[in-house]
Number of protein chains: 2
Amino acid sequence: MALSTDHFPPTPDAGHLRARLTQAGLRATRQRLMILESLLTLPGHPTAEQVHRQVISQEPSISLGTVYKALDSFVAAGLTRRVAAAEGTSRRYDADCTEHHHLFCTNTQEIIDYCDPQLDSLIREFFAAKGLQNFQPHSFSLHITGSKLASK
Amino acid sequence: MALSTDHFPPTPDAGHLRARLTQAGLRATRQRLMILESLLTLPGHPTAEQVHRQVISQEPSISLGTVYKALDSFVAAGLTRRVAAAEGTSRRYDADCTEHHHLFCTNTQEIIDYCDPQLDSLIREFFAAKGLQNFQPHSFSLHITGSKLASK
DNA sequence: ATCCCTGCAAAAGATTTGCAAGGCG
DNA sequence: CGCCTTGCAAATCTTTTGCAGGGAT
C-alpha cells in the first residue's frame, strides 16, 4: 500500500480548485482551474506538453505558453513543485507539495508518489544522529528506481 | 564527513582515463579523454556546456556537439550517469556510477556526492522488511536539499 | 477601474541530426 | 583499411519573453 496512485483523485470539484488557487494568492482564471485540475488528475507527473494536450481536449483555445506561465505561477506560489528526473528532456510537475518520495518506473517513465511517515522518521533520525559535515539539510526525498508490476 | 568533494580528485593520469574508456568499450580519442577528465574534475556535476567551456580552455577546436555525443556515449556505456535535478534547464552528469546519494545546495546549485554504506543498508533493510506494493525496486538514491556551510 | 492573465508569435536556450573529413585500432 | 568519431551547421525541441487585448476582483 501507500502508493498514492492507488486511489486516483476523483475529479476535484471546481470550488475546491478555486479555493486552492485563491489561498495561494493566485487569481482563479478558467485556464488555471483547468490546468490545476489536469495536474491533479494526470498520472505519473506530467510535463507542460502533457498538461496542454489534456486541457485543449476540453478547451482548444488554451495556448501552451499559458500552460507554462500557469505552472510557473503555481511553483512560485508553492502550490506545485518541479520533479527531479534524470530521464527525458522536459520538466515534470508534482501537484503535491508535502514531503514525499518518488518511484521511478524504468518501463513507463512514470513517476509515482510514495508517502511513508515511517521512512521519513527513519531518515530524519539517521541524520539527526549522524549529521552531515558542512551541510545543513532541509528536506529529504528518496528516489526509488525500479519497475512497476502489473496490478491484479 | 564522507562528502566526496572534500577530496578533489587529483588530475587523473592519462593512462587511467584511457583504461576506463577502453574497458567500457569506447575508443579512446583525444576529445573523449579530455571530456572524461573534465567530468571527473569539475565540481558539482557539470552540464555539457560547462564541460565544453573547460575543455576548450585547453583545446579550443573541440565542439559542443562532440561534448554532447561523448557524454551520450559515456552514459550508454555505463561510464557516466545523468543526474536527476529539479532546478535548472540543462542536463547534468555524474561520472560516478556506484550507488550513492546527492546533496543539493539551494545557494550554489551544486550537487554534491554523498556516499554512506550505513545509510544504504538502512534503506535496503527498510524495504526488505516492508516491501512496496506493485513495484520492484532496483536502486535507491536519497536527495538531500539544503545549504552548504562555509568550510573552515 | 486596475492589474493581472491570456494568446500569439518571435526569441532564446538546449539537444539532436546529417554529412564530409579525419583518426583510432 | 574500415569503422567510429569529429566538427560544423542546420534542424528540432523546450521554455521564455514581449506585447496588445480581455478578464478577475
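All of these numbers come straight from a predicted model, not from anything done at the bench. So you know, we letter chains A, B, ... as the sequences are listed, proteins then strands, and number each from 1. Reckoned from all heavy atoms, side chains included, excluding hydrogens, waters and symmetry mates.
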Nearest-nucleotide wise, let me know which of B:Ile35 and B:Gly65 is further upstream toward the 5' end of DNA chain D. B:Ile35
Assert: residue with more 5' nearest nucleotide on DNA chain D, out of B:Ser73 and A:Arg30, is B:Ser73
Remember a base hit wins even if backbone is also touched, and classify [X] as base, sugar-phosphate or nothing at under 4.0 Å, heavy atoms.
| X | answer |
| --- | --- |
| B:Ala70 | nothing |
| A:Thr29 | sugar-phosphate |
| A:Ser90 | sugar-phosphate |
| B:Arg32 | sugar-phosphate |

Set out, in order, the CA-CA distance, both residues' side-chain angles and the distance that settles ring pair (Phe, Tyr, Trp, His ring centres under 6.0 Å) for B:Tyr114 and A:Phe135, then state yes or no. CA-CA 11 Å; B:Tyr114 175 73; A:Phe135 199 86; 9.2 Å; no
Given C:dT6, C:dG25, C:dT15, the nucleotide with the shortest approach to the side chain of B:Arg18: C:dG25
Closest to side chain of B:Thr89, choosing from C:dA14, D:dG7, D:dC19: C:dA14
Determine whether a donor-acceptor pair (N or O, by modelled atom type, separation under 3.5 Å) exists between the side chain of [X] and the backbone of [Y].
| X | Y | result |
| --- | --- | --- |
| A:Gln136 | B:Leu149 | no |
| B:Gln23 | B:Arg20 | no |
| A:His52 | A:Ile62 | yes |
| B:Arg82 | A:Gly88 | yes |
| B:Arg32 | B:Arg27 | yes |
| B:Arg92 | B:Gly44 | yes |

Want to settle it: does B:Leu26 or B:Glu49 sit nearer the 5' end of DNA chain C, counting the closest nucleotide to each? B:Glu49
Examine [N]: is either OP1 or OP2 under 4.0 Å from a nitrogen or oxygen in the side chain of [X]? Give yes or no.
| X | N | answer |
| --- | --- | --- |
| A:Tyr68 | D:dT16 | no |
| A:Arg91 | D:dC13 | no |
| B:Arg92 | C:dT15 | no |
| B:Gln31 | D:dG7 | yes |

[atom1] of [X] versus [atom2] of [N]: gap in Å, rounded?
| X | N | atom1 | atom2 | answer |
| --- | --- | --- | --- | --- |
| B:Leu21 | D:dT6 | CG | P | 10 Å |
| A:Leu33 | C:dC5 | CG | C1' | 13 Å |
| B:Arg82 | C:dT15 | CZ | C1' | 10 Å |
| A:Leu64 | D:dC13 | CG | P | 13 Å |
| A:Lys69 | D:dC19 | NZ | C1' | 9 Å |

Check the angle between the aromatic planes of B:His143 and A:His143 and answer parallel, tilted or perpendicular using the 30° and 60° thresholds. parallel
On the side chain of A:Arg27, is there an atom forming a donor-acceptor pair with the base of C:dC3 - under 3.5 Å, no angle test? yes
Quick check on contacts: within residues 50-61 of chain A, what sits under 4.0 Å from DNA chain C by heavy-atom distance? A:Ser61
